[in-house]
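To keep things clear, I will list the structure first and then write my remarks on it.
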Amino acid sequence: QVQLVESGGGLVQAGGSLRLSCAASGSTFSINAMGAMGWHRQAPGNQRELVATISSGGSTNYADSVKVRFTISRDNAKNTVYLQMNSLKPEDTAVYYCNAVVRVGRAYDYWGQGTQVTVSS
């Protein structure tokens, strides 16, 4: 069992930056079994879309819309994944969700509660 808690969202003007954090907690066994982590986002009326992922080994993938502007990273010592968002645009406005895959015999998919990011023009 893993709990994910996002933080760092807020209101920012276009062109500004935000850094989202997602802290994972749980049993040592579960934490050690975490695989890929990532960020998704969802705006009202829109589908939830993948923003970025990072594997346990540090390999990253990004949606085309956020490449260059966003950077995902993780600190395994802190059991935390980050999303550095630069050059924010109004279309980045959404609730951002952290997720993690924990493999203990089979894959378990965990999600945080989300953090609101609002980018004004």
Side-chain angles (χ1 to χ4, degrees):
Q1 297 83 3
V2 171
Q3 293 179 335
L4 303 173
V5 180
E6 302 99 333
S7 62
L11 175 65
V12 65
Q13 286 188 305
S17 298
L18 285 173
R19 188 195 193 201
L20 306 184
S21 298
C22 173
S25 61
S27 70
T28 299
F29 181 80
S30 294
I31 293 296
N32 288 341
M34 285 200 306
M37 301 183 73
W39 292 92
H40 291 68
R41 66 187 182 187
Q42 186 170 23
N46 291 42
Q47 298 182 56
R48 185 172 297 189
E49 62 176 343
L50 184 147
V51 176
T53 62
I54 183 166
S55 73
S56 59
S59 298
T60 59
N61 287 284
Y62 298 91
D64 288 342
S65 60
V66 306
K67 285 181 179 177
V68 179
R69 298 188 299 119
F70 290 11
T71 302
I72 188 171
S73 61
R74 66 193 293 169
D75 185 339
N76 290 329
K78 295 182 178 180
N79 303 316
T80 301
V81 64
Y82 305 93
L83 185 68
Q84 178 67 47
M85 306 185 295
N86 300 322
S87 302
L88 283 162
K89 305 174 180 179
E91 50 262 46
D92 295 318
T93 295
V95 177
Y96 284 70
Y97 297 91
C98 174
N99 85 290
V101 175
V102 177
R103 298 189 181 276
V104 285
R106 69 174 182 89
Y108 294 83
D109 196 16
Y110 293 91
W111 292 86
Q113 295 300 305
T115 184
Q116 177 71 48
V117 171
T118 302
V119 184
S120 65
S121 59

Quick check: does any side chain N or O of T115 sit under 3.5 Å from a backbone N or O of G9, one acting as donor and the other as acceptor? yes
Spell out, as yes or no, whether a donor-acceptor pair under 3.5 Å connects the side chain of Q13 to the backbone of V119. no
Are side-chain heavy atoms of S17 and Q84 found at a separation under 4.5 Å? yes
To the nearest 0.5 Å, how far apart are CG in N61 and OG1 in T53? 4.0 Å
So for atom CD, which belongs to Q116, do other residues, nucleotides or ligands contribute more than 12 heavy atoms lying within a distance under 6.0 Å? yes
Look at atom CD of E49 and say whether more than 12 heavy atoms of other residues, nucleotides or ligands are closer to it than 6.0 Å. yes
With the side chain counted from C-beta on, respond yes when L83 and V51 share a heavy-atom pair under 4.5 Å apart, and no when they do not. yes
Cation-pi check, R19 to Y82: give yes when NZ or CZ is under 6.0 Å from the six-membered ring centre and within 45° of the ring axis, no otherwise. yes
Beyond-backbone contact of L4 with W111, side-chain heavy atoms, under 4.5 angstrom: no
Heavy atoms, side chains only, cut-off 4.5 Å: are T93 and E91 in contact? no
Can you name the closest pair of heavy atoms from D109 and A100 and give their distance? OD1-O, 3.5 Å
State, with a plain yes or no, whether a side-chain heavy atom of V12 is found less than 4.5 Å away from one of S120. no
Are Y97 and V95 side-chain neighbours, meaning at least one heavy-atom pair lies under 4.5 Å? yes
Pair listing, ring-ring contact (aromatic ring centres under 6.0 Å, His included) test, anchored in residues 3-37, at least two apart: none
Run the salt bridge (charged side-chain N to carboxylate O under 4.0 Å, His left out) check on K89 and D92 step by step: do they pass? CA-CA 5 Å; K89 305 174 180 179; D92 295 318; over 6 Å; no
Parallel, tilted or perpendicular: which one describes the rings of Y96 and F70, with boundaries at 30° and 60°? tilted
Is it true that Y62 and I54 fall in one hydrophobic cluster, defined by side-chain heavy atoms closer than 4.5 Å? yes
To the nearest 0.5 Å, how far apart are CE in M34 and CG in N79? 5.0 Å
Transitively linked via ILVMFWY side-chain contacts under 4.5 Å: V2 with V5? no
A side-chain contact here means heavy atoms from C-beta on lying under 4.5 Å apart; do M37 and R74 qualify? yes
Could you give the distance from CZ (R41) to CG (L20), rounded to the nearest 0.5 Å? 11.0 Å
When every non-hydrogen atom of A43 is compared with those of A94, the smallest separation belongs to N-CB, 3.9 Å
Return the CD to CD1 distance between Q3 and I31, rounded to the nearest 0.5 Å. 9.5 Å
Would you say C22 and W39 make side-chain contact, with heavy atoms under 4.5 Å? yes
Interatomic distance, OG@S59 vs CD1@I72, rounded to 0.5 Å, equals 11.5 Å
Neighbour count above 12 (heavy atom, 6.0 Å) for R103 CZ: no
Measuring from atom CG of L50 to atom NE2 of H40, what distance do you get when rounded to the nearest 0.5 angstrom? 4.0 Å
Heavy-atom pair with the smallest gap, counting every atom of A107 and V101: CB-CG1, 4.0 Å
